[in-house]
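Contents: one structure, followed by commentary.
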Amino acid sequence: METLSNGTTASPTATATVVSSATVTAPSSKLTQLAESLKLEHQFLRVPFEHYKKTIRANHRIVEKEMSAVISSVAEAADGDLSREDAVQHLNSLVSRLQGLKRKLEEGSRTEHLQAQRCRARLDHLESADTESLSEWNNTRLTRILVDYMLRLSYYDTAIKLAESCNIQDLVDVDVFHEAKKVIDALQNKEVAPALVWCADNKSRLKKSKSKFEFQLRLQEFIELLAFKSSTECATYKVLFETKQWDYLVDQFKQEFCRLYGMTLEPLLNIYLQAGLSALKTPFCYEDDCTKEDPLSQESFRNLALQLPFSKQHHSKLVCYITKELMDTENPPLVLPNGYVYSTKALEEMAAKNNGKITCPRTGSVYNYSAVVKAYIS
Amino acid sequence: MELNTIKDAFDRVAKKQKLSTSKSQEVIDQVGHEIEQALANIQSIHDSASPVDQKSILAELKTKLNMVGPHNQLEGSQKELSINLSKFPKVLDKFFNPDISKAYRNVDFDPHIVNQIIASHFYREGLFDIADCLINEAGEPELISLKSHFVEMHRILEAMRTRNLEPALNWASTNREQLKQIGSNLELKLHRLQFVEILQKRGRADALNYARTYLAPFASLHMDEIQKLMGCLLWAGKLDRSPYTELMAPSHWEKLAEELTRHLCTFLGQSYESPLSVAVAAGVEGLPTLLKLANVMAAKKQEWQAMKQLPVPVDLGKEFQFHSIFVCPVSRDQGSEENPPMLLPCGHVLCKQSITKLSKNNTRAFKCPYCPLDASVSQCRQLYF
Ligand SMILES: [Zn+2]
């Protein structure tokens with residue numbers, strides 16, 4: 001608690017709430033744990049909904065625009081002096097324009113329907129999570145998290161393959177990122193046009209979030225223009241800065257894009273890995289005899305965890321060296337005369353197999369089972 | 001989780017969307033109808049010399065369209081839809097954690113390392129195509145070296161899924177000595193499975209032959225087991241009605257596949273569970289607590305970014321308990337090399353520093369704070385978990 005109590009701003013009562021709620025969730029049933037984990041799925045529902053909303057708005061704009069065009073076209077004709085033939089031709093063209101609009105509307109409503117179905121599929125998927133079949137559901141969650149990572153790093157083929165192999169296309173946002181791909185590809189080819197179109201499409205939302213992205217695009221366009229038709233000096237400048245500058249624009253775009261769809265700015269994988277590695281990180285993970293089952297026994301995970309905090313324990317948690325099982329009141333720890341501690345289960349089994357003799361696996365010393373004593377850990 | 005509330009909110013959106021679409025269709029039809037009507041009227045004029053007529057028809061059309069008021073009609077349905085569209089995200093915000101990156105520390109993960117972890121995960125899961133695809137797309141050709149480990153493993157397991165034990169048996173016989181060292185009788189278990197399979201599919205003579213060749217070497221150490229299997233021979237063709245019917249259970253295959261996988265992983269120097277799955281699962285379990293903590297600490301963002309240890313415990317299930325952690329019940333300090341756990345004569349365990357304090361710097365006997373039995377420092381023994 002040192003970190004919190006030293007501070008001046010965080011109130012001690014608030015801290016106490018966290019501690020007590022954390023302790024309350026400790027022995028919590030699998031059910032409450034599942035409910036807690038489902039609350040993390042905001043983005044899972046938000047993204048397809050934003051997509052749906054966007055389609056609805058776009059379709060509506062088309063209808064509105066076409067409608068006013070038709071109405072004002074009639075008004076114009078009424079105010080003008082058309083011959084009978086011209087009037088017929090004019091009205092005919094309006095009729096076919098309306099037919100075209102109707103087709104578009106039908107097409108648009110099919111897309112809307114599909115996207116609504118996707119939203120429902122996700123709600124159903126969340127509902128399907130129950131403690132009985134959790135391991136399969138958890139595997140799907142990991143796959144979803146990995147697809148999200150692939151999409152954010154623009155590994156589209158891998159993302160699509162992975163989603164297909166697990167048959168979870170409705171549960172991942174490949175379609176949404178398809179829109180991003182066009183812009184990113186263009187930016188990587190040093191073209192700003194598709195990004196500017198994207199900005200225009202999302203003008204009001206970008207304005208609301210006070211985005212500077214469009215300005216940065218215009219600026220880049222301007223720099224390009226300068227470098228293109230001017231001296232070598234400028235060209236050198238361009239070469240020096242441009243690669244970085246374009247990468248920067250891609251990053252900016254990705255951030256704006258994620259914000260617009262209600263996604264976290266970081267890949268989900270990074271968020272979960274950070275939380276997991278912090279919760280797992282103990283000084284023992286870095287010892288040579290760290291078990292392989294601990295992800296932090298691996299260099300790669302250790303490296304990622306380097307800048308993360310260690311976990312904290314309020315109570316002892318002892319794991320039997322032999323069976324790797326928890327030593328608790330049901331399987332209490334026993335102490336050999338040399339001070340090494342093993343679980344009751346492990347030593348009982350060993351004694352039964354070897355006529356009551358115990359061999360300490362770490363020192364090789366041999367004792368009688370009668371020589372062990374119980375340790376009380378509170 | 002109030003999923004039904006969320007579903008209802010979504011259904012309202014979808015309903016309004018449908019209404020809005022049919023409204024649009026209706027308005028288009030209305031306008032289209034009026035225009036077609038006007039068109040027919042113009043075409044039915046016989047006296048083509050009079051321009052007044054089409055002009056008045058067009059004027060009438062204009063008035064009619066104004067009466068239809070397509071804009072107002074569209075706006076009305078759109079407004080209702082809009083209200084529901086902006087309501088739904090609020091429902092989501094209420095039931096879900098709107099920002100799970102709140103507990104995120106701003107450190108950059110090296111994408112090469114993350115890619116390596118993912119590729120390795122795909123290989124161990126047998127998703128070779130996908131791993132290759134990732135390596136290709138991410139431009140990390142050197143990661144292909146992770147593949148070789150798992151190719152053989154999946155070949156063996158894949159064959160076993162089609163009830164072909166050949167590769168598994170080969171592996172077990174190649175690694176016979178090492179398996180023996182860790183006290184595993186995997187090879188015998190594989191042969192037993194093969195024997196039962198042969199007895200069922202090819203009959204008594206083949207099974208007997210198999211037993212002579214492959215089971216005989218195990219006879220000295222596992223007499224009971226071998227005798228039982230010989231007993232099966234009498235029941236060839238009707239094993240399902242024999243006292244040995246249990247030997248046919250498909251669960252034997254699953255269990256042995258799992259045991260074999262464990263051994264394969266161990267011998268490859270790999271964990272049994274995918275480390276990526278473990279770390280992410282721990283994250284899912286731990287994140288809710290971390291988010292609560294981050295909310296409390298919101299005013300101290302810098303501290304959050306810099307702390308060396310989490311200020312509260314994040315309790316994970318026992319499947320994530322890889323190390324023995326001793327916390328002294330008196331000082332709440334975590335045991336370490338400098339401050340190890342000590343066993344008191346009464347059986348209670350305290351850390352060394354607590355004992356030093358209780359004994360006034362190791363100068364006198366003290367009472368155990370838990371059972372109040374007397375103890376002296378010399379009676380306390382260091383423990384190794
Ligand atoms: Zn005591």
Side-chain angles (χ1 to χ4, degrees), chain A residues 3-4 9 14 18-19 22 26 35-40 42 53 63 67 74-75 77-78 84 87 91 94 98 102 109 116 123 127 155 158 161-162 264 266 270-272 275-276 279-280 282 284 291-295 300 307 309-310 312-314 316-319 326 339-341 375-376 378, chain B residues 1 3 7 14 21 24 32 35 39 42 54 58-59 62 70 85 96-97 100-101 107 109 113 117 130 133-134 137 271 275 278-280 282-284 286-290 292-293 296 299 307 309-315 318 321-327 329 347-349 381-385:
Chain A
T3 337
L4 277 182
T9 37
V18 168
V19 177
E36 282 292 304
S37 72
L38 290 183
K39 284 187 191 158
L40 304 171
H42 188 264
K53 188 157 111 183
V63 174
M67 226 40 192
V74 167
R84 189 177 147 220
L91 290 186
L94 290 183
L98 283 176
K102 237 184 137 178
S109 103
L123 280 161
E127 203 170 38
Y155 305 155
T158 316
K161 251 191 189 169
L162 182 56
T264 55
E266 300 294 331
N270 294 15
I271 292 171
Y272 284 112
L280 289 172
T282 72
F284 306 104
T291 163
K292 286 265 178 247
E293 296 304 322
D294 183 348
S300 49
Q307 287 168 282
F310 282 100
K312 172 147 190 131
Q313 301 296 336
H314 275 180
S316 296
K317 287 206 172 133
L318 304 176
V319 180
L326 220 54
Y340 283 77
V341 183
Y376 297 92
S378 34
Chain B
M1 166 96 19
L3 275 173
K7 278 187 159 173
T21 307
S24 301
I35 294 176
L39 192 58
I42 293 175
Q54 63 249 27
L58 285 173
K62 185 182 161 187
L85 278 176
F96 291 87
N97 203 318
I100 61 165
S101 63
V107 294
F109 276 175
I113 294 178
I117 287 171
I130 293 169
C133 186
L134 171 67
E137 242 181 336
S271 56
V278 173
V280 168
V284 172
L287 195 52
T289 311
L290 289 175
K292 279 179 204 154
L293 177 64
V296 179
M307 65 193 169
Q309 187 180 26
L310 296 172
V312 298
V314 176
D315 279 299
K318 60 178 181 203
Q321 216 63 60
F322 302 113
H323 305 281
S324 282
I325 291 171
F326 173 76
V327 179
H348 286 113
V349 185
R381 282 192 287 153
Q382 184 173 342
L383 294 185
Y384 305 88
F385 291 108

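Convention: sequence-line order gives letters A, B, ...; per-chain numbering from 1.
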What option among [options] has the most heavy-atom pairs under 4.5 Å with chain B?
{"options": "A/L123, A/L94, A/V63, A/T264", "result": "A/L123"}
{"options": "A/G276, A/S316, A/A275", "result": "A/S316"}
{"options": "A/L162, A/L326, A/T291", "result": "A/L162"}

(request) Indicate the atoms forming the closest heavy-atom contact of B/S324 with B/F385, along with that distance. (result)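 Scanning both residues completely, I find the closest heavy atoms to be CB-CB, 3.5 Å.
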(message) Restricting to non-hydrogen atoms, name the atom on B/V278 and the atom on A/P295 that form the minimum distance, rounded to 0.1 Å.
(response) CG1-CG, 3.6 Å
(request) Check each atom of A/E266 against the heavy atoms of chain B and say whether the ones under 4.5 Å are side chain, backbone, both or neither. (result)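 Answer is side chain: those atoms of A/E266 sit under 4.5 Å from chain B.
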(request) Below 4.5 Å from any heavy atom of chain B, which atoms of A/T282 appear? Answer side chain, backbone, both or neither. (result)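 Side chain only.
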(request) Could you pull out all residues at least two apart from A/K292 that satisfy salt bridge (charged side-chain N to carboxylate O under 4.0 Å, His left out)? (result)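 With sequence neighbours excluded, A/K292 shows a salt bridge (charged side-chain N to carboxylate O under 4.0 Å, His left out) to no residue whatsoever.
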(message) Taking salt bridge (charged side-chain N to carboxylate O under 4.0 Å, His left out) as the definition, give me every residue that meets it alongside A/K161, ordered by chain and number, with sequence neighbours left out.
(response) none
(message) Tell me whether A/R84 contacts the main-chain N or O of B/Q54 through its side chain, where contact means a donor paired with an acceptor under 3.5 Å.
(response)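 No; zero donor-acceptor contacts below 3.5 Å.
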What part of [X] lies closer than 4.5 angstrom to a heavy atom of chain A: side chain, backbone, both or neither?
{"X": "B/Q321", "value": "both"}
{"X": "B/I325", "value": "both"}
{"X": "B/L134", "value": "both"}

Name the option with the most non-hydrogen atom pairs under 4.5 Å to chain A; the candidates are [options].
{"options": "B/L290, B/V349, B/I130", "value": "B/I130"}
{"options": "B/H323, B/H348, B/K7, B/R381", "value": "B/H323"}
{"options": "B/G32, B/G286, B/A14", "value": "B/A14"}

(request) Salt-bridge test for A/K312 and B/D315: reply yes if a basic N is under 4.0 Å from a carboxylate O, no otherwise. (result)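 No, A/K312 and B/D315 are not salt-bridged.
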(request) Hey, can you tell me if B/F96 and A/H42 have their rings parallel, tilted or perpendicular (30° and 60° cut-offs)? (result) perpendicular
(message) Would you compute the distance between atom OG of A/S300 and atom CZ of B/F109 and round it to the nearest 0.5 angstrom?
(response)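 CZ of B/F109 is found 11.0 Å from OG of A/S300.
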